[in-house]
Amino acid sequence: MKSAMSPQSKLPDVGTTIFTVIGQLSAEHNALNLSQGAPNFSCQPSLIDAVAKSMRAGQNQYAPMSGVAALRRALSAKVEALYGCHYDADSEVTVIASASEGIYSAISALVHPGDEVIYFEPAFDSYSPIVRLQGAKPVPVRLSMDDFSIDWDEVASVINSRTRMIIINSPHNPTGAIFTQHDIDRLTALTRNTDIVILSDEVYEHVVFDGECHESMARHPELAERSVIVSSFGKTYHVTGWRVGYTLAPEALMDEIRKVHQFMVFTADTPMQYAFAEALADPQSYLGLADFYQQKRDLLVKAMHGSRFELLPTRGSFFMLARFNHFSPLSDDEFVLKLIRDHQVSSIPLSAFYSDNKPTGLIRLSFAKDDETLYEGARRLSGV
Ligand code: GLN
(Lines give C-alpha, C1' and ligand atoms only; values in the text may rest on other atoms or scores of the structure.)
Protein backbone atom coordinates (compact mmCIF):
# COMPACT_ATOMS: atom_id res chain seq x y z
CA MET A 1 0.00 0.00 0.00
CA LYS A 2 1.25 3.50 -0.80
CA SER A 3 1.61 5.82 2.17
CA ALA A 4 2.38 9.48 2.57
CA MET A 5 4.10 8.61 5.82
CA SER A 6 7.83 8.26 6.16
CA PRO A 7 8.42 7.75 9.85
CA GLN A 8 11.71 8.72 11.36
CA SER A 9 13.22 5.36 12.25
CA LYS A 10 14.29 4.70 15.82
CA LEU A 11 16.61 1.98 14.52
CA PRO A 12 17.73 3.22 11.09
CA ASP A 13 20.61 0.75 10.81
CA VAL A 14 18.60 -2.34 11.82
CA GLY A 15 17.24 -4.70 9.21
CA THR A 16 15.46 -8.05 9.54
CA THR A 17 17.21 -10.41 11.98
CA ILE A 18 19.93 -12.61 10.54
CA PHE A 19 18.02 -15.73 11.65
CA THR A 20 15.03 -14.78 9.50
CA VAL A 21 17.17 -13.70 6.52
CA ILE A 22 19.22 -16.90 6.51
CA GLY A 23 16.14 -19.03 7.18
CA GLN A 24 14.46 -17.60 4.07
CA LEU A 25 17.56 -18.03 1.90
CA SER A 26 17.96 -21.53 3.23
CA ALA A 27 14.39 -22.41 2.24
CA GLU A 28 14.79 -20.81 -1.23
CA HIS A 29 17.85 -22.93 -1.93
CA ASN A 30 16.47 -26.02 -0.29
CA ALA A 31 19.43 -26.02 2.05
CA LEU A 32 19.81 -28.07 5.19
CA ASN A 33 19.24 -25.62 8.04
CA LEU A 34 22.02 -25.59 10.63
CA SER A 35 21.51 -21.87 11.18
CA GLN A 36 18.69 -21.06 13.59
CA GLY A 37 18.94 -22.39 17.12
CA ALA A 38 15.64 -24.21 16.92
CA PRO A 39 15.19 -27.98 17.17
CA ASN A 40 13.90 -29.78 14.07
CA PHE A 41 12.64 -32.65 16.24
CA SER A 42 9.53 -32.80 18.36
CA CYS A 43 9.02 -32.38 22.07
CA GLN A 44 7.80 -35.12 24.40
CA PRO A 45 4.28 -36.16 23.29
CA SER A 46 3.22 -35.96 26.95
CA LEU A 47 3.85 -32.20 26.88
CA ILE A 48 1.48 -31.77 23.95
CA ASP A 49 -1.06 -33.98 25.74
CA ALA A 50 -0.76 -31.76 28.81
CA VAL A 51 -1.43 -28.61 26.73
CA ALA A 52 -4.44 -30.29 25.07
CA LYS A 53 -5.69 -31.39 28.48
CA SER A 54 -5.51 -27.86 29.89
CA MET A 55 -7.22 -26.44 26.80
CA ARG A 56 -10.03 -28.99 27.12
CA ALA A 57 -10.30 -28.24 30.81
CA GLY A 58 -11.08 -24.65 29.86
CA GLN A 59 -7.72 -22.99 30.61
CA ASN A 60 -8.02 -20.71 27.60
CA GLN A 61 -8.40 -17.26 29.10
CA TYR A 62 -5.87 -14.81 30.48
CA ALA A 63 -3.53 -16.24 33.06
CA PRO A 64 -2.68 -14.04 36.05
CA MET A 65 -0.37 -11.22 34.93
CA SER A 66 2.61 -12.70 36.78
CA GLY A 67 1.90 -16.26 35.59
CA VAL A 68 -0.07 -19.32 36.68
CA ALA A 69 0.54 -19.84 40.43
CA ALA A 70 1.32 -23.55 40.11
CA LEU A 71 4.05 -22.78 37.57
CA ARG A 72 5.57 -19.97 39.64
CA ARG A 73 5.67 -22.27 42.66
CA ALA A 74 7.23 -25.09 40.63
CA LEU A 75 9.88 -22.68 39.29
CA SER A 76 10.68 -21.30 42.72
CA ALA A 77 11.15 -24.84 44.07
CA LYS A 78 13.27 -25.90 41.07
CA VAL A 79 15.60 -22.91 41.30
CA GLU A 80 16.02 -23.32 45.05
CA ALA A 81 16.82 -27.03 44.67
CA LEU A 82 19.28 -26.49 41.83
CA TYR A 83 20.99 -23.24 42.73
CA GLY A 84 20.20 -22.69 46.41
CA CYS A 85 18.48 -19.33 46.08
CA HIS A 86 14.92 -18.74 47.28
CA TYR A 87 12.70 -16.59 45.04
CA ASP A 88 9.27 -15.82 46.42
CA ALA A 89 6.78 -17.40 44.00
CA ASP A 90 4.35 -14.48 44.34
CA SER A 91 6.65 -11.50 44.12
CA GLU A 92 9.96 -12.64 42.61
CA VAL A 93 9.00 -15.02 39.77
CA THR A 94 7.21 -13.86 36.61
CA VAL A 95 6.19 -16.00 33.67
CA ILE A 96 6.89 -14.19 30.41
CA ALA A 97 5.99 -14.57 26.76
CA SER A 98 9.49 -15.75 25.71
CA ALA A 99 12.95 -14.91 26.99
CA SER A 100 13.03 -12.19 24.32
CA GLU A 101 10.10 -10.50 26.04
CA GLY A 102 11.80 -10.86 29.41
CA ILE A 103 14.98 -9.25 28.13
CA TYR A 104 12.98 -6.41 26.59
CA SER A 105 10.89 -5.88 29.74
CA ALA A 106 13.91 -5.92 32.04
CA ILE A 107 15.95 -3.46 29.97
CA SER A 108 12.97 -1.22 29.33
CA ALA A 109 11.99 -1.16 33.01
CA LEU A 110 15.44 -0.61 34.48
CA VAL A 111 17.50 1.37 31.96
CA HIS A 112 16.97 5.13 31.64
CA PRO A 113 17.87 7.59 28.89
CA GLY A 114 21.58 8.44 29.10
CA ASP A 115 22.45 5.23 30.99
CA GLU A 116 25.15 2.88 29.71
CA VAL A 117 24.74 -0.86 29.36
CA ILE A 118 27.78 -3.11 29.05
CA TYR A 119 27.43 -6.32 27.06
CA PHE A 120 29.81 -8.76 25.43
CA GLU A 121 30.35 -9.30 21.72
CA PRO A 122 29.72 -11.54 19.89
CA ALA A 123 26.22 -11.10 21.30
CA PHE A 124 22.66 -12.13 20.61
CA ASP A 125 21.27 -9.57 18.22
CA SER A 126 18.50 -8.07 20.36
CA TYR A 127 20.50 -6.66 23.28
CA SER A 128 21.94 -3.56 21.68
CA PRO A 129 18.81 -2.35 19.80
CA ILE A 130 16.68 -2.73 22.94
CA VAL A 131 19.17 -0.61 24.90
CA ARG A 132 19.14 2.04 22.18
CA LEU A 133 15.34 2.13 22.16
CA GLN A 134 15.54 3.38 25.78
CA GLY A 135 17.72 6.31 24.74
CA ALA A 136 20.61 4.56 26.49
CA LYS A 137 24.08 3.70 25.22
CA PRO A 138 25.18 0.12 24.51
CA VAL A 139 28.83 -0.44 25.45
CA PRO A 140 30.14 -3.60 23.77
CA VAL A 141 33.21 -5.35 25.20
CA ARG A 142 34.76 -7.87 22.84
CA LEU A 143 35.38 -11.41 24.06
CA SER A 144 38.84 -12.81 23.42
CA MET A 145 39.07 -14.39 19.96
CA ASP A 146 41.11 -17.28 21.45
CA ASP A 147 38.60 -18.77 23.84
CA PHE A 148 35.81 -16.16 24.03
CA SER A 149 36.60 -15.36 27.63
CA ILE A 150 35.88 -11.97 29.19
CA ASP A 151 38.65 -9.43 29.70
CA TRP A 152 37.51 -8.13 33.09
CA ASP A 153 40.19 -5.43 33.15
CA GLU A 154 38.57 -4.00 30.06
CA VAL A 155 35.15 -4.21 31.73
CA ALA A 156 36.60 -2.34 34.72
CA SER A 157 37.92 0.34 32.39
CA VAL A 158 34.50 1.05 30.82
CA ILE A 159 32.45 1.07 34.06
CA ASN A 160 31.55 4.60 35.15
CA SER A 161 28.81 6.43 37.03
CA ARG A 162 26.43 6.07 34.06
CA THR A 163 26.76 2.27 33.92
CA ARG A 164 23.30 0.96 34.80
CA MET A 165 23.43 -2.65 33.66
CA ILE A 166 25.75 -5.45 32.56
CA ILE A 167 24.20 -8.11 30.31
CA ILE A 168 25.73 -11.57 30.60
CA ASN A 169 24.83 -14.79 28.83
CA SER A 170 26.10 -18.17 29.97
CA PRO A 171 26.09 -20.69 28.32
CA HIS A 172 26.86 -18.29 25.53
CA ASN A 173 25.13 -17.88 22.20
CA PRO A 174 26.89 -17.95 19.72
CA THR A 175 30.24 -19.26 21.06
CA GLY A 176 29.33 -22.02 23.54
CA ALA A 177 31.58 -20.44 26.21
CA ILE A 178 30.49 -20.70 29.85
CA PHE A 179 31.07 -18.59 32.95
CA THR A 180 33.74 -19.83 35.38
CA GLN A 181 34.37 -19.14 39.07
CA HIS A 182 36.92 -16.54 37.95
CA ASP A 183 34.19 -14.70 36.02
CA ILE A 184 31.92 -14.83 39.05
CA ASP A 185 34.65 -13.45 41.32
CA ARG A 186 35.50 -10.58 39.00
CA LEU A 187 31.85 -9.69 38.34
CA THR A 188 31.13 -9.72 42.08
CA ALA A 189 34.07 -7.47 42.87
CA LEU A 190 33.34 -5.05 40.03
CA THR A 191 29.67 -4.57 40.90
CA ARG A 192 30.04 -4.47 44.72
CA ASN A 193 28.87 -1.14 46.15
CA THR A 194 27.47 0.02 42.80
CA ASP A 195 23.89 0.27 41.60
CA ILE A 196 24.62 -1.82 38.49
CA VAL A 197 21.94 -4.40 37.65
CA ILE A 198 23.04 -7.67 36.09
CA LEU A 199 20.76 -9.02 33.38
CA SER A 200 21.63 -12.70 33.08
CA ASP A 201 20.36 -14.48 30.00
CA GLU A 202 20.39 -18.14 31.09
CA VAL A 203 18.21 -19.73 28.43
CA TYR A 204 20.78 -22.52 27.89
CA GLU A 205 21.13 -23.19 31.63
CA HIS A 206 20.55 -26.94 31.23
CA VAL A 207 22.93 -27.37 28.29
CA VAL A 208 26.36 -27.43 29.94
CA PHE A 209 28.74 -30.18 28.86
CA ASP A 210 31.47 -32.44 30.25
CA GLY A 211 30.09 -32.40 33.79
CA GLU A 212 30.75 -28.66 34.24
CA CYS A 213 28.51 -26.51 36.36
CA HIS A 214 26.11 -23.78 35.22
CA GLU A 215 27.09 -20.64 37.07
CA SER A 216 23.61 -19.22 37.53
CA MET A 217 23.44 -15.86 39.28
CA ALA A 218 21.09 -17.72 41.65
CA ARG A 219 24.09 -19.70 42.98
CA HIS A 220 25.80 -16.56 44.20
CA PRO A 221 23.82 -14.60 46.82
CA GLU A 222 25.72 -11.34 46.41
CA LEU A 223 25.14 -11.38 42.64
CA ALA A 224 21.53 -12.64 42.92
CA GLU A 225 20.66 -9.51 44.92
CA ARG A 226 21.37 -7.31 41.89
CA SER A 227 20.40 -9.75 39.12
CA VAL A 228 17.49 -10.32 36.81
CA ILE A 229 17.64 -13.89 35.51
CA VAL A 230 15.85 -14.68 32.26
CA SER A 231 15.27 -18.25 31.15
CA SER A 232 13.05 -20.08 28.72
CA PHE A 233 11.01 -23.25 28.36
CA GLY A 234 11.50 -23.12 24.59
CA LYS A 235 15.10 -24.33 24.68
CA THR A 236 14.63 -26.75 27.55
CA TYR A 237 11.53 -28.54 26.21
CA HIS A 238 12.22 -28.25 22.44
CA VAL A 239 9.29 -25.86 21.89
CA THR A 240 10.81 -22.56 20.80
CA GLY A 241 7.53 -21.63 19.09
CA TRP A 242 5.48 -21.70 22.26
CA ARG A 243 7.03 -18.47 23.53
CA VAL A 244 6.99 -19.03 27.27
CA GLY A 245 9.83 -18.22 29.64
CA TYR A 246 10.38 -16.80 33.10
CA THR A 247 12.28 -14.13 34.98
CA LEU A 248 13.59 -14.23 38.53
CA ALA A 249 14.59 -11.11 40.44
CA PRO A 250 14.46 -9.56 43.91
CA GLU A 251 11.08 -7.96 44.54
CA ALA A 252 12.25 -4.35 44.10
CA LEU A 253 13.50 -5.12 40.58
CA MET A 254 10.62 -7.43 39.74
CA ASP A 255 8.03 -4.77 40.65
CA GLU A 256 9.46 -2.54 37.91
CA ILE A 257 9.74 -5.35 35.36
CA ARG A 258 6.10 -6.31 35.89
CA LYS A 259 5.03 -2.73 35.18
CA VAL A 260 6.41 -3.13 31.64
CA HIS A 261 5.47 -6.79 31.17
CA GLN A 262 1.80 -6.07 31.98
CA PHE A 263 1.52 -3.48 29.22
CA MET A 264 3.62 -5.29 26.65
CA VAL A 265 1.94 -8.71 26.62
CA PHE A 266 -0.04 -8.75 29.90
CA THR A 267 0.34 -12.54 30.26
CA ALA A 268 1.99 -15.54 28.63
CA ASP A 269 -0.09 -18.30 27.01
CA THR A 270 -2.27 -19.99 29.62
CA PRO A 271 -2.56 -23.66 28.52
CA MET A 272 1.22 -23.97 28.07
CA GLN A 273 1.82 -22.70 31.60
CA TYR A 274 -0.21 -25.53 33.10
CA ALA A 275 1.65 -28.03 30.93
CA PHE A 276 5.07 -26.71 32.00
CA ALA A 277 4.01 -26.82 35.66
CA GLU A 278 3.31 -30.53 35.16
CA ALA A 279 6.55 -31.13 33.23
CA LEU A 280 8.69 -29.53 35.95
CA ALA A 281 7.46 -32.17 38.40
CA ASP A 282 9.90 -34.54 36.68
CA PRO A 283 13.43 -33.10 37.13
CA GLN A 284 14.75 -35.51 34.49
CA SER A 285 12.81 -33.44 31.93
CA TYR A 286 15.52 -30.78 32.25
CA LEU A 287 18.41 -32.60 33.91
CA GLY A 288 18.73 -34.99 30.95
CA LEU A 289 19.22 -32.16 28.46
CA ALA A 290 22.99 -31.76 28.86
CA ASP A 291 23.66 -35.41 27.92
CA PHE A 292 21.18 -35.22 25.07
CA TYR A 293 22.95 -32.24 23.48
CA GLN A 294 26.43 -33.44 24.37
CA GLN A 295 25.80 -36.53 22.22
CA LYS A 296 24.75 -34.25 19.36
CA ARG A 297 27.81 -32.06 19.79
CA ASP A 298 30.08 -35.11 19.78
CA LEU A 299 28.29 -36.60 16.77
CA LEU A 300 28.80 -33.41 14.76
CA VAL A 301 32.49 -33.15 15.75
CA LYS A 302 33.08 -36.78 14.76
CA ALA A 303 31.16 -36.49 11.51
CA MET A 304 33.13 -33.33 10.56
CA HIS A 305 36.45 -35.06 11.16
CA GLY A 306 38.43 -34.81 7.94
CA SER A 307 36.62 -31.67 6.76
CA ARG A 308 38.64 -28.53 6.16
CA PHE A 309 36.89 -26.63 8.96
CA GLU A 310 38.51 -26.08 12.32
CA LEU A 311 35.83 -26.65 14.95
CA LEU A 312 36.15 -24.57 18.12
CA PRO A 313 35.42 -26.25 21.46
CA THR A 314 31.91 -25.66 22.81
CA ARG A 315 31.23 -26.07 26.54
CA GLY A 316 27.52 -25.31 26.54
CA SER A 317 24.49 -24.20 24.42
CA PHE A 318 23.69 -25.94 21.13
CA PHE A 319 26.04 -23.88 19.00
CA MET A 320 29.50 -24.55 17.64
CA LEU A 321 31.82 -22.20 15.79
CA ALA A 322 33.71 -23.40 12.73
CA ARG A 323 36.73 -21.59 11.30
CA PHE A 324 37.13 -21.39 7.52
CA ASN A 325 39.49 -18.49 6.84
CA HIS A 326 42.55 -20.73 6.56
CA PHE A 327 41.14 -22.13 3.31
CA SER A 328 38.85 -19.39 1.99
CA PRO A 329 39.48 -15.65 1.52
CA LEU A 330 35.73 -14.88 1.58
CA SER A 331 34.05 -12.75 4.25
CA ASP A 332 31.71 -14.61 6.66
CA ASP A 333 28.67 -13.29 4.79
CA GLU A 334 30.00 -14.34 1.40
CA PHE A 335 31.07 -17.71 2.71
CA VAL A 336 27.67 -18.43 4.28
CA LEU A 337 25.97 -17.50 0.98
CA LYS A 338 28.31 -19.79 -0.90
CA LEU A 339 27.55 -22.66 1.49
CA ILE A 340 23.83 -22.15 0.95
CA ARG A 341 24.00 -21.80 -2.84
CA ASP A 342 26.72 -24.30 -3.72
CA HIS A 343 26.50 -26.84 -0.92
CA GLN A 344 22.86 -26.54 0.28
CA VAL A 345 23.72 -26.10 3.93
CA SER A 346 23.06 -23.00 6.01
CA SER A 347 24.81 -21.46 9.01
CA ILE A 348 25.10 -18.00 10.57
CA PRO A 349 28.08 -15.69 9.91
CA LEU A 350 29.68 -14.84 13.25
CA SER A 351 30.10 -11.23 12.11
CA ALA A 352 26.30 -10.85 12.51
CA PHE A 353 26.82 -10.95 16.29
CA TYR A 354 29.12 -7.90 16.29
CA SER A 355 28.09 -4.26 16.04
CA ASP A 356 30.85 -3.53 13.52
CA ASN A 357 29.95 -6.58 11.35
CA LYS A 358 33.62 -7.07 10.43
CA PRO A 359 34.56 -10.46 8.96
CA THR A 360 35.64 -13.01 11.58
CA GLY A 361 36.46 -16.08 9.49
CA LEU A 362 33.95 -18.07 11.56
CA ILE A 363 30.45 -19.44 11.09
CA ARG A 364 27.99 -20.64 13.73
CA LEU A 365 26.47 -24.10 13.40
CA SER A 366 23.43 -25.17 15.41
CA PHE A 367 23.37 -28.82 16.47
CA ALA A 368 19.80 -28.71 17.78
CA LYS A 369 18.94 -31.06 14.93
CA ASP A 370 18.08 -34.73 14.58
CA ASP A 371 21.04 -37.05 14.05
CA GLU A 372 20.23 -37.65 10.39
CA THR A 373 20.33 -33.90 9.68
CA LEU A 374 23.62 -33.57 11.55
CA TYR A 375 25.21 -36.42 9.54
CA GLU A 376 23.96 -34.98 6.27
CA GLY A 377 25.03 -31.45 7.26
CA ALA A 378 28.50 -32.70 8.14
CA ARG A 379 28.67 -34.57 4.83
CA ARG A 380 27.83 -31.41 2.90
CA LEU A 381 30.26 -29.28 4.91
CA SER A 382 32.98 -31.89 4.39
CA GLY A 383 32.54 -31.44 0.63
CA VAL A 384 33.57 -27.78 0.86
N1 GLN B 1 18.06 -18.00 19.70
C2 GLN B 1 18.02 -18.61 18.41
C3 GLN B 1 19.33 -18.44 17.67
O4 GLN B 1 20.22 -17.80 18.14
C5 GLN B 1 16.89 -18.06 17.54
C6 GLN B 1 16.79 -16.58 17.52
C7 GLN B 1 15.77 -16.05 16.52
O8 GLN B 1 15.44 -16.69 15.55
N9 GLN B 1 15.35 -14.85 16.75
O10 GLN B 1 19.47 -18.99 16.63
Side-chain angles (χ1 to χ4, degrees), residues 11 14-27 31-41 43 96-107 119-130 133 143 148 167-178 199-208 230-247 265 289 293 296-297 300 312 314-322 332-333 336 339-340 345-355 357 360 362-370 373-374 377:
L11 298 170
V14 170
T16 305
T17 83
I18 188 73
F19 310 105
T20 303
V21 170
I22 298 285
Q24 278 166 358
L25 270 175
S26 189
L32 207 68
N33 195 342
L34 300 185
S35 58
Q36 197 181 34
N40 72 339
F41 43 83
C43 65
I96 47 178
S98 79
S100 287
E101 191 254 311
I103 290 166
Y104 198 106
S105 295
I107 296 174
Y119 71 104
F120 300 96
E121 286 192 340
F124 188 61
D125 61 350
S126 77
Y127 301 158
S128 172
I130 298 172
L133 284 170
L143 299 177
F148 297 102
I167 306 177
I168 58 172
N169 169 221
S170 176
H172 186 242
N173 177 10
T175 69
I178 58 173
L199 174 57
S200 185
D201 175 350
E202 302 188 13
V203 299
Y204 302 101
E205 64 180 314
H206 298 301
V207 193
V208 175
V230 175
S231 194
S232 157
F233 296 104
K235 313 288 190 221
T236 303
Y237 289 98
H238 313 315
V239 286
T240 59
W242 287 10
R243 316 307 288 146
V244 185
Y246 57 94
T247 59
V265 295
L289 204 67
Y293 276 119
K296 294 200 175 291
R297 175 196 68 172
L300 183 60
L312 274 49
T314 185
R315 298 166 73 188
S317 83
F318 37 63
F319 302 114
M320 188 184 298
L321 297 181
D332 316 8
D333 290 354
V336 163
L339 287 182
I340 293 174
V345 58
S346 66
S347 56
I348 304 284
L350 188 68
S351 55
F353 298 87
Y354 286 91
S355 43
N357 290 120
T360 64
L362 292 161
I363 56 170
R364 189 195 77 172
L365 303 172
S366 162
F367 51 88
K369 306 294 162 189
D370 59 41
T373 303
L374 292 176

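Not measured: the values here are computed from a predicted model. Every number for a ligand or one of its atoms is a count from 1 in the order of the listing.
- In this model, no donor atom of one side chain and acceptor atom of the other lie less than 3.5 Å apart for Asn357 and Ser351.
- The shortest separation from a heavy atom of Thr17 to ligand 1 is not under 4.0 Å, leaving the residue out of contact.
- There is a side-chain donor-acceptor pair under 3.5 Å between Asp332 and Thr360.
- When heavy-atom distances to ligand 1 are checked against a 4.0 Å cut-off, Tyr204 comes that close only through its side chain, counted from C-beta outward.
- Heavy atoms only, all atoms of each residue included: Leu350 and Pro174 are closest at CD1-CG, 3.5 Å.
- Looking only at heavy atoms of the protein, atom 9 (N) of ligand 1 is closest to Phe19 CD1, 3.6 Å.
- Residue-ligand proximity, Phe124 to ligand 1, at heavy-atom distances under 4.0 Å covers atoms 1 (N), 4 (O), 6 (C).
- The ring of Tyr293 has its center no closer than 6.0 angstrom to the ring center of Tyr204.
- Atoms of ligand 1 lying under 4.0 Å from any heavy atom of Lys235, numbered from 1 in the order shown and given with element: 1 (N), 2 (C).
- The shortest N or O to N or O distance between Arg364 and ligand 1 is under 3.5 Å.
- Among Phe41, Phe233, Phe318, the single residue meeting the ring-ring contact (aromatic ring centres under 6.0 Å, His included) criterion with His238 is Phe41.
- Taking Tyr104 as the reference, nothing meets the ring pair (Phe, Tyr, Trp, His ring centres under 6.0 Å) condition, with sequence neighbours excluded.
- If you check which protein heavy atom lies closest to atom 8 (O) of ligand 1, you get Gln36 NE2, 2.7 Å.
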